[in-house]
Every structure is written in structure tokens, then in C-alpha cells.
Novice: 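My questions all concern the structure below.
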Amino acid sequence: MTGSGTRSWWGWGTVEDAVRGAELRDLVDRASALLPGADLTDHPPPDVPSLGLPPPRIVPPDSLAALCSSDPTDRAAHTHGRAFRDVVRNLLGDLRHPPDLVVRPTVEGEIVDVLDWCARVHVAVIPFGGGTSVVGGVEPRLDGDFSGAVSLDLVALEGVREIDRTSRAARIGAGTLGPALEDELRPSGLTLRHFPQSFEFSTLGGWLATRSGGHFATGYTHIDDLVESMRVVTPAGTCESRRLPGSGAGPSPDRLFLGSEGVLGVVTEAWMRLHPRPRWRADASVHFTDYGAAVAATRAVAQSGLRPTNCRLLDPVEAFVHAATPSAGGVLLLAFESADHPVDAWMDRAVELCRGHGGTLPDAPRRTGSAGDERDTDAAGRWRSSFLRMPYLRDALAARSMIVETFETACTWDTFASLRAAVHDAANDAMRRAGATGVIACRFSHVYPDGPAPYFGIYAAGRWGSTVAQWDDIKAAVSEAILAAGGTITHHHAIGRDHRPWYDRQRPEPFAAVLRAAKSALDPAGILNPGVLIGPVASAPDGPTSS
């Protein structure tokens, strides 16, 4: 349960917030208009008892039994993450590798005991925060001779435990969900200011383990930049770094565990850098008639030193699908905010740069000196509302044979045009081969002075029972195109099991050797999240994710 409803075992978020009624009818109508002829017959999820989950293969020691659950719904909810392929497999009742037990430690010492037990009996341990992984990072899809697998659910390690107002930092439990974290910080007037799309259902520990990227397009958007120190329990002992604003004392211990996805240890708490809550805001939507000019304007803003809060370029397809805004060249969503001073001058300069590249503003920039006065009538407001509902909309369409999924990367500005063209070609070719009629959209989720982070979306009409395989073919094709064009296999979605084939090719081999050595030293029994980042790669239960 969350504070706002009952978590869905098979899909995103809560049961109460699923798409229904007029919203569902409008969604189906838009899908029919976008892809005429698509079969949009609904396929509801199966009841958990009908799944026929195998009985647990392991029995915990008496000292840990109270922490363990073998409830079928609990196990089903911890079998997959929340990617498109996860949701569809749940809808099909395809849960071939459930965890044997869900284990919920409440204090750090219990994690130590669980790791000791699992190392002795060779049980795989899959750290689990909010379960929102979209890359197979929390799935007990294993190779090897493990006697079983447990999902180590860490949400009980929650709470803001200490606030240092002088240094603007807080010590926070790794199991703290985004909304609870911000609620506890709010009386202090401070905020972590980290808002991934999964914010409502993901945890601080998950953000750290996957090097999460927040909603803001520039500045302190990556969780890496917000870490002051971390505490991590490994099978070889506990590691805690010193609280410091910066240090040149050798390689950073925090950097070793950031992005390690639970293969080296379990994050239990962290000191995080905070910010004052913003008071002054300004936002605007800039429209373009030429996409190349829109990209050039976005680059100009990114390289200006203005550091906007939001600088999100929607291509024409993305603007139409998610902002209901027709645009020949795309829409750039701009925003600035500050806790210290009005931001009018920054917005005025950004608008001036955009106008220099042919941008126009249907509405004047909105400016406010308060936290309220949200506006959902322009492209920015409509896209913001859609952004929060996207995963729910995805689930509703996935249940109707649609292939609705995203993939993201980052590249330098000089290679973006060729990368985008290569990805479009690869996606369209793969959709044709898979027999799926669809479109591809692109937005910049983040921008840097040296390049953007393109975030692509696929919307295609699939065949029920085959949409996972169809998506896997598309995903493999676009991943090959991204790597060949010089992009990264992921900008902020982590590696998990699904990105392993491309990650193994992207990373330098000497670094891979160092990572293997660290794994051997910290997890000598090899029980932590096997197959993620290093070690044998387990294929997907319905076939390989790449070919």
C-alpha cells in the first residue's frame, strides 16, 4: 500500500488511479486516430491464484521467518519491474521466475543476517525498492545453481532521520519513497529536488543504485550530484563514506556504489544535499516551424549558462501525442525557478535566443512569485499533466495490444542529427519486420552544454500474445543503432538484465575487470543480483532480449 491507494501487482502505480471512464474512452479514440485499424480489444489481468506460482524452494531460518513472505500476490508483485515487457508478461500470466520469498528487513542488522544466510545456502538476493525498474533490474531471471531467490524489499528502511540545516543536508533511509521524503523535508523549507517520473513509487535507495535522473533538464538533476555520503551493507562488511562537500582523496567510494544496481551491496541510508524550496518561477512554450531550428535553439539555451530548470524539446510527434499540440517543428518547454531571486531576466534572455532561431510564443511567459498558480492550458501544462499519467496510459494501451515503450540515450550535439536518423531508420525497419504499424517520437529529457539526452517513444499496433517479442526485436534494433552512432545504451534507466549485451560493449574492458574484482571482494559468494552489470547473462524467459 501507498498513502494514496493499493499498489497494482501487475502494472504501474495504484489500482485506484488506473485509466478508466472518460479518460479511457479518449485514450482509445486517440489511439485509433493515430493508428487506424489497430485491434484495441481489452485483455484484463489474470487473478493471482490462476497464475499457478511454484511453491517456494527454500525455508528461512527461524530467526528470519518473521521477515519473510511467501504470499502469492506478494511474490507476483516482486517478479517483474514495470517496463512494457514486464506489464505484458503479467497480463499474459507469464511469471516464470518469481522470487521464492519476499524478505522485508526493518533495520540494518537484519540485512546483515539475511546476506549471511543467503551466502551460506547460496540463495540469490535481489534488492528491491519501489520495483519501478524498466530494464529487468529486479527480476529473479538467473543462470547458475542457486538454491532459490529472495526479493529483499527495503521500503521499511524509511524516514528522514536527521536534518543539518546549516550544511543543508539530511540523513535519509534508503527505503524512503519520494512523496514521504519530500513531506518530511517540507517543514524545514528544504527539498531534495529530485523528481524522476517514478517519484511516487520509487525510493532513495533505488535512485542511488540506478544513478537516477530527475525531471529537471539541467543543473542538479542527477542523483549523483546530490549525494554527500552513503552507507552500504555488503556481504564482506559495511562501507560508510565521510560527509564532505568534496574530496580529492583517491577514487570516490560513493562513485563505486552509485549505479551498482545492488550487485556490490545494499544501500541502507545516505546523507543527501538539499536545496531551499523555490519561490520565483517562470515558464514558457516556444513553437517552431523547423525541427533543425528548434534543436539549434535548444543548444543555444543549453550553452548560454542560463541553466534553466526545464529545457525540454518535444518533436512534432511527441508534441501531438502528449501535449495535444500540432507543431511543424516541435515545441520547446522552458522554465526557470529560484529560491533567492526573480528569474525574469533569465527567461527573457532564453526567449530572445529562441526567437533568434525562429521560435514563436503563442502565449507570454507565465511568471509567479508563489508555489501555486499552476497552468495546464498551454503545451507545457498539458505535457506536464500527461507526463505524470504516461505510465498509466501505457498500461491501458498495453492491455489493448499496443506496443508503447520508451528508450533513451545521450550524445554530443554534433552527432545528434545522425543518431536520430539512424534510430528512426532502425525503428521503422524493425516495426516493418515485426509486422507492427507505428510511429516514433522524440523529446530531450535533459540537455547539457555538450549534448542532449534524446528520449524516444514507440507507439505501434501489435498482435496480442506477440507484443513482447515484437518489442524485443525493435529494442534490439534501436539499441544497435544507438551504440553504432556513438550514443550510450542508457542515460538514466540503468542497465539491469535487459541492457547487458550493449553495456558489455560500451564499457572499457579494463574497467570491466576492475568491476569483476570489486564484485569478488565484496560479494565472494556472488549472491547479489546475479546477471546485472557483470557475470553470466540470463536470457529473457520468452527468448533473448537482443539478437
Novice: Quick one: closest heavy-atom pair of Leu35 and Gly438, and the distance?
Specialist: CD2-CA, 3.7 Å

Novice: Decide yes or no for Leu208 and Met272: does some side-chain heavy atom of the first lie under 4.5 Å from some side-chain heavy atom of the second?
Specialist: yes

Novice: Would you find a donor on one side and an acceptor on the other, under 3.5 Å apart, between the side chain of Asp363 and the backbone of Pro365?
Specialist: no

Novice: Check Ser285 against Pro362 and note the closest heavy-atom contact, atom names and distance.
Specialist: O-CD, 3.8 Å

Novice: Any salt bridge between Glu352 and Arg349, counting N to O under 4.0 Å?
Specialist: yes

Novice: What are the two closest non-hydrogen atoms of Val87 and Trp10, and how far apart are they?
Specialist: CG1-CZ3, 3.7 Å

Novice: Whether Arg161 and Glu269 form a salt bridge (side-chain N of Lys/Arg under 4.0 Å from carboxylate O of Asp/Glu) is what I want to check.
Specialist: yes

Novice: Would you say the side chain of Asn310 lies within less than 4.5 Å of the side chain of Asp283, judging by non-hydrogen atoms?
Specialist: no

Novice: Could you check whether any side-chain N or O of Thr298 sits under 3.5 Å from a backbone N or O of Ala294, counting only pairs where one atom can act as donor and the other as acceptor?
Specialist: yes

Novice: Between Arg312 and Leu332 (side chain of the first, backbone of the second, donor and acceptor by atom type, cut-off under 3.5 Å), is there such a pair?
Specialist: no

Novice: Is there a donor in the side chain of His493 and an acceptor in the side chain of Glu408, or the other way round, less than 3.5 Å apart?
Specialist: yes

Novice: If the threshold is 4.0 Å, N to carboxylate O, is there a salt bridge linking Asp26 and Arg30?
Specialist: yes

Novice: Quick one: does Arg168's side chain get under 4.5 Å of Pro276's, heavy atoms only?
Specialist: yes

Novice: Do Glu23 and Arg389 meet the salt-bridge criterion of a basic N to acidic O distance under 4.0 Å?
Specialist: yes

Novice: Spell out, as yes or no, whether a donor-acceptor pair under 3.5 Å connects the side chain of Asp86 to the backbone of Ala83.
Specialist: yes

Novice: With rounding to the nearest 0.5 angstrom, report the CH2 to CD1 distance, Trp471 to Ile458.
Specialist: 6.0 Å

Novice: Cationic tip of Arg20 within the cone over Tyr392's six-membered ring, i.e. under 6.0 Å and within 45° of the normal?
Specialist: no

Novice: Under a 3.5 Å cutoff, is there a donor and acceptor pairing between the side chains of Tyr448 and Thr218?
Specialist: no

Novice: Let me confirm one number: the SG-CD1 distance from Cys411 to Ile482, rounded to the nearest 0.5 Å.
Specialist: 9.5 Å

Novice: Could you tell me whether a side-chain N or O of Arg273 sits under 3.5 Å from a main-chain N or O of Asp225, the two making a donor and an acceptor?
Specialist: yes

Novice: Decide side chain to side chain contact (heavy atoms under 4.5 Å, CB included) for Leu264 and Leu256; before the verdict, give the C-alpha distance in whole Å, the side-chain angles of both, and the deciding distance to 0.1 Å.
Specialist: CA-CA 9 Å; Leu264 302 179; Leu256 176 65; 3.9 Å; yes

Novice: Show the numbers, then the answer: is there a side-chain hydrogen bond (donor to acceptor under 3.5 Å, both in side chains) between Asp17 and Thr14?
Specialist: CA-CA 5 Å; Asp17 287 330; Thr14 66; 3.0 Å; yes

Novice: Any side-chain donor-acceptor pair under 3.5 Å between Glu158 and Thr176?
Specialist: no

Novice: Below 4.5 Å, heavy atoms only, C-beta onward: do Glu318 and Cys442 meet side chain to side chain?
Specialist: no

Novice: Could you go through Glu261 and Thr210, starting from their C-alpha distance and side-chain angles, then the distance that decides it, and tell me whether this counts as side-chain hydrogen bond (donor to acceptor under 3.5 Å, both in side chains)?
Specialist: CA-CA 6 Å; Glu261 300 190 44; Thr210 60; over 6 Å; no

Novice: I need the single residue from Arg279, Arg367, Arg277, Arg193 that forms a salt bridge (Lys or Arg N to Asp or Glu O under 4.0 Å) with Glu337. Which is it?
Specialist: Arg193

Novice: Hey, what do you get for CD (Glu184) to CG (Leu190), rounding to the nearest 0.5 Å?
Specialist: 13.5 Å

Novice: So that I know where these two stand, are His222 and His492 an aromatic pair - ring centroids less than 6.0 Å apart?
Specialist: no

Novice: Can Trp280 and Thr368 be counted as having a side-chain donor-acceptor contact under 3.5 angstrom?
Specialist: no

Novice: Which atom pair, heavy atoms only, marks the closest approach of Met402 to Ala461?
Specialist: SD-CA, 4.1 Å

Novice: With a 4.5 Å cut-off on side-chain heavy atoms, are Val532 and His499 touching?
Specialist: no

Novice: Please determine whether side chain to side chain contact (heavy atoms under 4.5 Å, CB included) holds for the pair Ile403 and Tyr459, giving the CA-CA distance in whole Å, both sets of side-chain angles, and the decisive distance to 0.1 Å.
Specialist: CA-CA 6 Å; Ile403 301 169; Tyr459 308 92; over 6 Å; no

Novice: Please list, chain by chain and in numerical order, all residues satisfying salt bridge (charged side-chain N to carboxylate O under 4.0 Å, His left out) with Asp224, sequence neighbours excluded.
Specialist: Arg211, Arg255

Novice: Indicate whether any N or O donor in one side chain lies under 3.5 Å from an N or O acceptor in the other, for Asp450 and Thr412.
Specialist: no

Novice: Does any N or O in the side chain of Asp290 come within less than 3.5 Å of the main-chain N or O of Gly329, such that one atom is a donor and the other an acceptor?
Specialist: no

Novice: Taking it one step at a time, do Val15 and Trp9 satisfy side chain to side chain contact (heavy atoms under 4.5 Å, CB included)?
Specialist: CA-CA 9 Å; Val15 173; Trp9 77 261; over 6 Å; no

Novice: Should the pair Arg231-Glu108 be classified as a salt bridge under the 4.0 Å nitrogen-to-oxygen rule?
Specialist: yes

Novice: Is the closest side-chain heavy-atom distance between Phe128 and Leu154 below 4.5 Å?
Specialist: no

Novice: Distance check, rounded to the nearest 0.5 Å: His446 atom NE2 versus Thr221 atom OG1?
Specialist: 3.5 Å

Novice: When you measure from the side chain of Ser133 to the backbone N and O of Val135, does any donor-acceptor pair fall under 3.5 Å?
Specialist: yes

Novice: Taking all non-hydrogen atoms of both residues, which atom of Leu24 and which atom of Ala396 are closest, and how far apart?
Specialist: CD1-CB, 4.2 Å

Novice: Is the number of heavy atoms from other residues, nucleotides or ligands under 6.0 Å of Phe195 CZ greater than 12?
Specialist: yes

Novice: Without swapping roles, check the side chain of Thr409 against the backbone of Thr488 for a donor-acceptor pair under 3.5 Å.
Specialist: yes

Novice: Regarding Glu480 and Trp502, do their side chains bring together a donor and an acceptor under 3.5 Å, going by distance alone?
Specialist: yes

Novice: Return yes when atom CZ of Arg507 has more than 12 non-hydrogen atoms of other residues, nucleotides or ligands closer than 6.0 Å, and no otherwise.
Specialist: yes

Novice: Using distance alone, with no hydrogens and no angle criterion, decide if Glu240 and Ser229 have a side-chain donor and acceptor under 3.5 Å apart.
Specialist: no

Novice: Look up atom CZ in Phe288 and atom OG in Ser327, then write down how far apart they are to the nearest 0.5 Å.
Specialist: 9.0 Å

Novice: Where the side chain of Arg7 meets the backbone of Gly130, is there a donor-acceptor pair that is under 3.5 Å apart?
Specialist: yes

Novice: Do His275 and His194 make the cut of ring centroids closer than 6.0 angstrom?
Specialist: no

Novice: Is the centre of the Phe444 ring less than 6.0 Å from the centre of the Phe416 ring?
Specialist: yes

Novice: Hey, does Ile163 have a side-chain heavy atom less than 4.5 Å from the side chain of Arg171?
Specialist: no

Novice: Go through the structure and list residues passing salt bridge (charged side-chain N to carboxylate O under 4.0 Å, His left out) with Arg243, not counting sequence neighbours.
Specialist: Asp164, Glu228

Novice: In Å and rounded to the nearest 0.5 Å, what is the CZ to OG distance from Phe201 to Ser8?
Specialist: 9.5 Å

Novice: Do the side chain of Asp395 and the main chain of Trp12 share a donor and acceptor less than 3.5 angstrom apart?
Specialist: yes

Novice: Do Val331 and Leu333 come within less than 4.5 Å of each other through their side chains, counting heavy atoms only?
Specialist: yes

Novice: Could you pull out the closest heavy-atom pair between Leu314 and Ala319, with the gap in Å?
Specialist: CB-N, 4.0 Å

Novice: Run the ring-centre check on His341 versus Trp346 and record whether the distance is less than 6.0 Å.
Specialist: yes

